[in-house]
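Following: one structure in structure tokens, then a few remarks.
Keep in mind that the numbers below use all heavy atoms, side chains included, and drop hydrogens, waters and symmetry copies.
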Amino acid sequence: MTFVLGLTGSIGMGKSATADLFRRLGVPVHDADATVHRLYRGRAAPLIEQAFPGTVADGTVDRAKLGAAVLNSPERLKELEAIVHPLVREEEENFLACVSALAPIAVLDIPLLFETGGDRRCDAALVVTAPAHVQRERVLARPGMTAEKFSAILAKQMPDADKRARAHFLVDTSRGFASAEAQVRSIVVCLAGRPGRRHRF
């Protein structure tokens, strides 16, 4: 059975770049964020339009309008999650079913891995991390980002220290690309041949 590794990390830690390193090594990766974007252009759009009228145009969810519809409303956000999360989970299960006979290791790239309980569907969890000053410097360099926006995003995410405490593996991206690549390679070598044990379906 494929060993399923959950990959997560707070904003600015280098999670996407780390996922790409796994892909380069031939490890299949399921990207939860990319799946949501795809669903917003497909199956989820009519369901969201029904629940949040005016948030879909030309068959695609307008993320800005949808964001405004759930802003400061935990109840509405839960309503949206009740629509989207089951669809993402279904896509994830299809991904795992497809790779189970082909890949010894598969990665589930889930930004809110611990917050949503996604780690319970994985055999181990990997947290991508970096020192706080490196994270802040990276995030504030992004177009349109402000210190206030950064603080608001951090407030919604589990603290990095808490994630690291729950991780089976860590990748520190603050020491450059070559170091991160070596860390990922060592994890792949470590997991090679280990059978997955979680019942996910």
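A salt bridge links Glu90 to Arg43: at least one charged side-chain nitrogen sits closer than 4.0 Å to a carboxylate oxygen. A salt bridge is absent between Glu75 and Lys78: the closest approach of a Lys/Arg side-chain nitrogen to an acidic carboxylate oxygen does not fall below 4.0 angstrom. Between Arg164 and Asp160 a salt bridge is recorded (basic side-chain N to carboxylate O distance below 4.0 Å). Ion pairing between Arg38 and Glu91 holds under the 4.0 Å rule for side-chain N and carboxylate O.
Annotation for Ala51 and Ile83: closest pair CB-CD1, 3.7 Å, computed over non-hydrogen atoms. Val27 and Ile105 make their closest contact through CG1-O, 3.6 Å (heavy atoms, listed as atom of the first residue, atom of the second, distance). A pairwise comparison of heavy atoms in Ala32 and Val88 identifies CB-CG1, 4.4 Å as the closest pair. In this structure, Leu7 and Leu113 approach most closely via the heavy-atom pair N-CD2, 4.4 Å. Residue Gly9 comes nearest to Lys163 through the heavy atom pair C-NZ, 3.7 Å, listed as atom of the first residue, atom of the second, then distance. In this structure, Ala106 and Leu96 approach most closely via the heavy-atom pair CB-CD2, 4.2 Å.
Note: Lys156 NZ to Ser151 OG = 12.0 Å, rounded to the nearest 0.5 Å. Note that OG of Ser16 is 7.5 Å distant from CG of Asp33, once rounded to the nearest 0.5 Å. Leu87 contributes atom CG, which lies 12.5 Å from atom CZ of Arg89 (distance to the nearest 0.5 angstrom). Here the OG1-CE distance, from Thr8 to Met13, works out to 10.5 Å after rounding to the nearest 0.5 Å. Distance check: Thr18 OG1 to Asp109 CG gives 9.0 Å after rounding to the nearest 0.5 Å. Glu148 contributes atom CD, which lies 11.5 Å from atom CD1 of Ile153 (distance to the nearest 0.5 angstrom).
Judged purely by atom type and a 3.5 angstrom limit, Ser179 has no side-chain atom pairing as donor or acceptor with the backbone of Gly176. With hydrogens and angles ignored, the 3.5 Å screen pairs no side-chain donor or acceptor of Glu115 with any backbone N or O of Gln157. Between the side chain of Thr55 and the backbone N or O of Phe52 there is at least one donor-acceptor pair closer than 3.5 Å.
There is no path of hydrophobic side-chain contacts, each under 4.5 Å, that joins Phe95 to Leu112. Both Val29 and Val188 belong to a common hydrophobic cluster when Ile, Leu, Val, Met, Phe, Trp and Tyr are linked at side-chain heavy-atom distances under 4.5 angstrom. Ile48 is connected to Leu77 through a chain of hydrophobic side-chain contacts under 4.5 Å among Ile, Leu, Val, Met, Phe, Trp and Tyr, so both are in one cluster. Taking hydrophobic clusters as Ile, Leu, Val, Met, Phe, Trp and Tyr residues chained together by side-chain heavy-atom distances below 4.5 Å, Leu66 shares a cluster with Leu47.
For the residue pair Ser174 and Asp172, a side-chain donor N or O sits within less than 3.5 Å of a side-chain acceptor on the partner. No side-chain donor from either of His85 and Thr116 sits under 3.5 Å from a side-chain acceptor of the other.
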Start with the C-alpha distance between Phe169 and Leu191, add both sets of side-chain angles, then the distance that settles side-chain contact (heavy atoms from CB on, under 4.5 Å), and finish with yes or no.
CA-CA 11 Å; Phe169 300 96; Leu191 295 181; 3.7 Å; yes

Using side-chain contact (heavy atoms from CB on, under 4.5 Å), reason through Val61 and His37 one step at a time and then give a plain yes or no.
CA-CA 9 Å; Val61 173; His37 281 260; over 6 Å; no

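Partner of Pro28 under the side chain to side chain contact (heavy atoms under 4.5 Å, CB included) criterion, chosen from Val99, Leu108, Leu102: Val99.
Take Arg166 and apply the salt bridge (Lys or Arg N to Asp or Glu O under 4.0 Å) test, not counting sequence neighbours, and it matches Asp119.
More than 12 heavy atoms of other residues, nucleotides or ligands shown are found within 6.0 angstrom of CZ on Arg142.
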